Amino acid sequence: MDTFNHVNLATIQAMSTAPLLDVRSLSIAFGKQPAVRDISFQINPGETLGLVGESGSGKSATSLAILRLLAPSAQVSGHIAFAGEPLLPLPEAAMRRHRGSSIAMIFQEPMTALNPSMRIGAQIAEALQAHHPEIAASAVKQKVLDAMQEVGLPDPEQRLRDYPHQFSGGQRQRILIAMALINRPHLLIADEPTTALDVTVQAQILHLLKELRQTHNLSMLFISHDLAVVSQVADRVAVMQHGQIVEQAPTETLFRHPQHPYTRSLIAAAPTMRTDKNRPLASPINAMQ
Ligand SMILES: Nc1ncnc2c1ncn2[C@@H]1O[C@H](COP(=O)(O)OP(=O)(O)O)[C@@H](O)[C@H]1O
Ligand SMILES: [Mg+2]
């Protein structure tokens with residue numbers, strides 16, 4: 001069923017002991033300014049890695065480097081492999097086949113990622129047809145409806161013809177998640193996907209992402225400046241500061257035994273970001289279960 005992508009699932013399962021994403025000694029600089037300094041991390045099949053750190057610490061630059069979407073002026077060095085295939089030396093055409101297909105991405109601000117003058121049904125269809133021009137128009141419509149259904153958009157048949165501004169912020173993020181998942185990616189990169197949303201909607205989107213990663217055995221790179229948010233979805237957390245990963249551990253270990261002072265300061269700040277300030281420090285761990 002899932003031989004949909006050119007990186008087929010059997011290949012990935014055959015090498016299931018190998019990481020799906022392997023980033024080693026990645027450095028990124030803009031001119032003389034280093035943005036990311038010699039970072040390494042791996043994401044195993046089905047695993048979610050949280051990348052947390054203050055604004056400007058290099059999280060987005062890292063995610064854009066994986067998809068090779070950084071400005072040409074950025075200098076990137078190191079090694080990035082997806083399902084065993086090194087991405088940095090790939091020709092652009094081969095990279096394009098990965099983007100939005102085997103590796104998909106969602107961003108912070110759903111409105112800017114959507115085309116305001118295009119009906120959402122057509123936008124979701126376009127995401128599918130970009131990688132699967134062979135699918136017949138009738139089948140495309142059904143797949144779009146299924147995708148809308150799956151992300152909990154109400155009345156898909158009626159709403160297909162609506163424009164982005166007719167949806168709420170949370171619904172727009174659901175539309176982007178539908179577009180990201182319609183090609184059955186193996187890796188989803190989510191860069192601050194709930195930061196622009198209010199707390200209640202943020203919780204709903206986190207719940208949806210958790211559900212979808214189960215049903216699709218999805219691997220995720222989940223990026224946020226907010227450790228409390230990251231700890232709700234991540235199996236492991238990498239903490240970034242000034243372009244470096246200062247600590248990396250399973251989520252529970254990170255909370256119980258933080259090693260780095262910066263991690264401790266993030267944990268100390270976490271309860272004040274939560275709605276119930278009286279909860280004990282360990283509450284983000286409870287929230288994971
Ligand atoms: N296109 C760019 N040109 C120059 N500097 C950039 C560019 N993109 C990011 N940077 C710089 O790289 C650093 C890391 O940025 P970024 O990865 O966006 O941080 P984060 O996502 O953690 O907030 C910052 O100092 C930022 O100013
Ligand atoms: Mg960012």
Side-chain angles (χ1 to χ4, degrees), residues 21 23-43 48-80 82 87-88 92 95 99-100 103-114 169 172-173 176-177 180 187-198 201-202 205-206 209 220-234 236-249 251 254 258 260-267 269-270 273:
L21 182 72
V23 173
R24 284 181 201 272
S25 305
L26 176 68
S27 294
I28 302 165
F30 297 97
K32 287 197 164 53
Q33 261 326 79
V36 170
R37 294 185 264 182
D38 194 21
I39 67 167
S40 297
F41 61 86
Q42 284 79 41
I43 304 179
T48 295
L49 177 72
L51 192 57
V52 71
E54 65 204 354
S55 175
S57 56
K59 307 181 300 296
S60 294
T62 300
S63 65
L64 293 171
I66 295 165
L67 286 168
R68 291 210 351 223
L69 288 173
L70 284 167
S73 61
Q75 302 135 251
V76 180
S77 67
H79 171 82
I80 301 173
F82 177 74
L87 295 183
L88 292 179
E92 176 56 25
M95 196 60 220
R99 259 183 235 130
I103 309 175
M105 185 155 183
I106 53 174
F107 301 90
Q108 176 170 340
E109 196 18 87
M111 197 60 201
T112 55
L114 289 165
R172 286 197 285 264
Q173 194 55 287
L176 285 182
I177 294 170
L187 176 66
L188 177 66
I189 300 176
D191 190 355
E192 306 267 7
T194 63
T195 302
L197 306 173
D198 70 46
V201 180
Q202 171 170 296
I205 296 293
L206 288 177
L209 287 173
M220 232 195 301
L221 177 61
F222 187 98
I223 298 173
S224 175
H225 66 282
D226 186 338
L227 180 60
V229 168
V230 166
S231 68
Q232 287 178 54
V233 286
R236 271 189 309 119
V237 177
V239 179
M240 266 188 104
Q241 187 185 32
H242 309 317
Q244 291 179 302
I245 292 181
V246 296
E247 181 164 5
Q248 195 170 169
T251 310
L254 189 91
H260 196 276
Y262 180 59
T263 310
R264 289 195 205 108
S265 73
L266 286 179
I267 292 173
M273 291 185 250

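What you see is a predicted model, and the numbers here were worked out from it, not measured in a lab. First listed ligand is number 1; within each ligand, the first listed atom is number 1. Atoms considered below: every heavy atom in the structure, side chains included; atoms not considered: hydrogens, waters and symmetry mates.
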Legend entry - Any side-chain donor near an acceptor of the partner, D191 and S60, under 3.5 Å: yes

Inset, instruction - Could you tell me whether atom 14 (C) of ligand 1 has a protein heavy atom closer than 4.0 Å? - result: yes

Inset, instruction - Look up atom 27 (O) of ligand 1 and tell me if a protein heavy atom lies less than 4.0 Å from it? - result: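 No.
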
Suppose we measure from [atom] to each protein heavy atom; which comes out shortest, and what is that distance?
| atom | value |
| --- | --- |
| atom 25 (O) of ligand 1 | G56 O, 4.0 Å |
| atom 17 (O) of ligand 1 | A61 N, 2.8 Å |
| atom 8 (N) of ligand 1 | F30 CZ, 3.4 Å |

Inset, instruction - Can you figure out which of K59, M240, Q108, H225 has its heavy atom closest to atom 22 (O) of ligand 1? - result: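 Nearest option to atom 22 (O) of ligand 1, by heavy atoms: K59.
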
Legend entry - Those atoms of ligand 1 less than 4.0 Å from some heavy atom in S60: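 Answer for ligand 1: 17 (O), 18 (O), 20 (P), 21 (O).
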
Inset, instruction - Please confirm whether A71 comes under 4.0 Å of ligand 1, counting heavy atoms of the residue only. - result: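 The answer is no, since A71 has no heavy atom less than 4.0 Å from ligand 1.
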
Legend entry - S55 heavy atom under 4.0 Å from ligand 1: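 Yes.
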
Legend entry - N, O or S of S55 under 2.8 Å from the Mg ion (ligand 2): no

Inset, instruction - Quick one: look at E54 and ligand 1, take heavy-atom pairs under 4.0 Å, and tell me if it's side chain, backbone, both or neither. - result: backbone

Could you tabulate the donor-acceptor pairs under 3.5 Å formed by side-chain atoms of residues 52-59, not counting sequence neighbours?
from	atom 1	to	atom 2	distance (Å)
S57	OG	E54	O	2.7
K59	NZ	G53	O	2.9
K59	NZ	E54	O	3.2

Inset, instruction - Give yes if a backbone or side-chain nitrogen or oxygen of S57 is under 3.5 Å from a nitrogen or oxygen of ligand 1, and no if not. - result: yes

Legend entry - Sidechain-backbone polar pair: R236 side chain, T251 backbone, donor-acceptor under 3.5 Å: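 Checking the backbone N and O of T251 against the side chain of R236, no donor-acceptor pair under 3.5 Å is found.
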
Legend entry - Considering all heavy atoms, the nearest R68-R99 contact: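 Looking at all heavy atoms of both residues, the closest pair is O-NH2, 3.3 Å.
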
